[in-house]
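Reading through the structure tokens given below for one structure.
This structure is a prediction, so every number in the text was calculated from the model and none was measured. In what follows, chains carry the letters A, B, and so on, assigned in the order in which the sequence lines appear, proteins first and then strands, with residues in each chain numbered from 1.
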Number of protein chains: 2
Amino acid sequence: MSDAPQSTEAVDDYLKAILELSGVDEDAVTSNALAEHLGVRAASVTGMLQKLAAREPSFVHYQKHYGVRLSVVGRRRALEVIRHHRLLERFLHDFLDYSWDEVHEEAERLEHYISERLEDRIAAKLGDPALDPHGHSIPEKDGAVAERHEVALASWPCDVPAAISSVSDRNPAELREMKRLGLLPGTVLVVEPGTRAGSILVRIGSDSPTRVSSELAAGIMLAGGPR
Amino acid sequence: MSDAPQSTEAVDDYLKAILELSGVDEDAVTSNALAEHLGVRAASVTGMLQKLAAREPSFVHYQKHYGVRLSVVGRRRALEVIRHHRLLERFLHDFLDYSWDEVHEEAERLEHYISERLEDRIAAKLGDPALDPHGHSIPEKDGAVAERHEVALASWPCDVPAAISSVSDRNPAELREMKRLGLLPGTVLVVEPGTRAGSILVRIGSDSPTRVSSELAAGIMLAGGPR
DNA sequence: GACATAATTTAGCTAAACCTAAATTACCAC
DNA sequence: GTGGTAATTTAGGTTTAGCTAAATTATGTC
């Protein structure tokens with residue numbers, strides 16, 4: 001009934017980072033990788049992991065000198081925060097005239113502070129959307145996540161058409177550039193065999209091919225066929 | 001350009017409290033009054049006031065054993081946070097189906113975390129409203145506040161009609177009760193001469209009079225004539 | 001003017017979440 | 001299996017914002 005804060009902003013950020021870095025296969029994540037991702041020192045990570053593991057209920061399974069995995073409870077909280085983030089992005093974009101390069105920063109702050117009630121009202125207002133503006137799927141309220149097979153643009157074969165399924169939301173400048181080039185979720189493209197160091201040649205529809213820098217390409221994921 | 005946090009949540013809360021407690025005449029506020037209002041110990045207040053005064057630029061003028069007043073900078077920040085709060089209340093109420101007893105709690109948390117951009121978009125979406133759902137006026141972006149003359153229901157004379165200008169948003173149960181009784185901002189009422197200990201008799205329109213407990217009445221402000 | 005009571009401040013402590021610098025442990029090559 | 005480097009943890013320190021208990025200052029009464 002109450003919205004007692006079960007976790008702090010810092011804790012939420014660690015849980016999200018562990019989920020993101022552990023990937024689909026849910027590998028153990030190293031302190032160093034977390035430190036890098038979160039922009040803090042490795043020593044701070046160790047301290048926090050010890051606290052997360054010591055909590056009752058525990059958010060992570062932690063073995064020193066090896067790495068961390070999320071516990072069931074930790075994974076659940078991470079998915080809740082990600083749901084908040086993506087619903088907020090969709091809402092800011094669709095209802096408050098945010099462009100797709102502006103939504104991430106605002107959502108990143110607010111995701112920690114919205115109540116369950118607000119989460120529900122936003123979801124209802126949006127008609128329970130499945131995707132955020134960058135094509136990432138929004139976890140359901142019960143923690144279920146839609147299974148999707150994605151492949152990085154850089155490792156897609158030439159001459160095989162594919163649709164963009166999602167793009168990284170981290171860098172506003174890159175997002176503006178993608179939009180300018182027409183690289184949006186849903187866009188169908190073909191990789192041309194003109195790959196040079198540092199860039200990939202792609203064709204969209206019947207236009208002439210576009211050169212996409214590796215940096216930009218790194219943020220682009222394609223829908224991989226079933227399995 | 002950036003949204004560097006110029007103040008923390010706790011600091012914001014102190015500034016708002018000082019503004020509210022100092023009233024229209026901007027009296028100095030005592031540590032005890034602040035402690036009571038904020039739900040912390042007086043010793044904690046002293047510590048915080050010392051920090052607020054030591055800041056550069058300073059948020060308050062503080063004299064020990066006497067009290068605090070807001071500095072220009074402190075007043076400005078307090079009004080900005082109050083603007084956030086009231087815009088959020090209006091937005092949650094008008095766009096996200098919040099009832100008027102639900103908006104305060106959510107706005108109280110979010111007011112500290114919305115960016116200037118979001119403040120502006122919400123204001124635009126609402127058409128720059130002047131009042132929140134409880135009738136409190138929303139400070140303008142430049143810090144201007146509409147002058148209003150309000151008088152507590154308890155000190156209004158009998159048989160003189162008056163309109164409710166605002167009601168306290170602090171207590172959800174009281175707000176539900178006010179709504180049930182039709183005591184809303186804009187409602188015109190007359191105080192009847194049947195005042196007993198602990199309650200006030202009021203008539204709304206041509207209905208039969210209603211007995212309003214002093215507690216409820218304490219949250220009701222009437223529009224006082226010009227002066 | 002002395003004294004009791006109330007208001008306020010000081011002193012010293014705690015918990016988060018970060019930091020730096022100094023150990024320690026793991027891993028890989030030879 | 002010994003060494004060197006990289007990864008990780010420990011130890012000790014900082015800031016923010018709260019706490020309790022003890023000291024101090026202010027206020028009001030006789």
Can you tell me how far [atom2] of [N] sits from [atom1] of [X], to the nearest Å?
| X | N | atom1 | atom2 | answer |
| --- | --- | --- | --- | --- |
| B:Leu15 | D:dA17 | CG | P | 11 Å |
| B:Glu9 | D:dA17 | CD | P | 10 Å |
| A:Asn32 | C:dA26 | CG | C1' | 13 Å |
| A:Lys64 | D:dA7 | NZ | C1' | 14 Å |
| B:Gln6 | D:dT16 | CD | C1' | 17 Å |
| B:Arg41 | C:dT14 | CZ | C1' | 15 Å |
| A:Tyr62 | D:dT8 | OH | P | 9 Å |
| A:His65 | C:dC27 | NE2 | C1' | 12 Å |

Q | Sole candidate of B:His112, B:His85, B:Gln6 that passes side chain to side chain donor-acceptor pair (under 3.5 Å) when paired with B:Asp12 | A | B:His112
Q. Would you say D:dC19 has OP1 or OP2 under 4.0 Å from some side-chain N or O of B:Ser44?
A. yes
Q) Are B:Asp101 and B:Ser99 linked by a side-chain donor-acceptor pair shorter than 3.5 Å? A) yes
Quick one: label [X] by what it contacts on the DNA or RNA (base, sugar-phosphate, nothing), any heavy atom closer than 4.0 Å.
| X | value |
| --- | --- |
| A:Ala10 | sugar-phosphate |
| A:Thr46 | base |
| A:Tyr66 | nothing |

What nucleotide, of [options], holds the atom closest to the side chain of [X]?
| X | options | result |
| --- | --- | --- |
| A:Thr30 | D:dT8, C:dC19, C:dT10 | D:dT8 |
| A:Thr8 | C:dT8, D:dT9, C:dA17 | C:dA17 |
| A:Ala43 | C:dA16, C:dT20, C:dC18 | C:dT20 |
| A:Lys51 | C:dA16, C:dT8, D:dG18 | C:dA16 |

Q) Any chance CD of A:Glu36 has more than 12 other-residue heavy atoms, nucleotides or ligands included, within less than 6.0 Å? A) no
Q: Return yes when atom CD of A:Gln63 has more than 12 non-hydrogen atoms of other residues, nucleotides or ligands closer than 6.0 Å, and no otherwise.
A: no
Q.
Quick check on the 6.0 Å ring-centre criterion: do A:Trp100 and A:His134 meet it?
A. yes
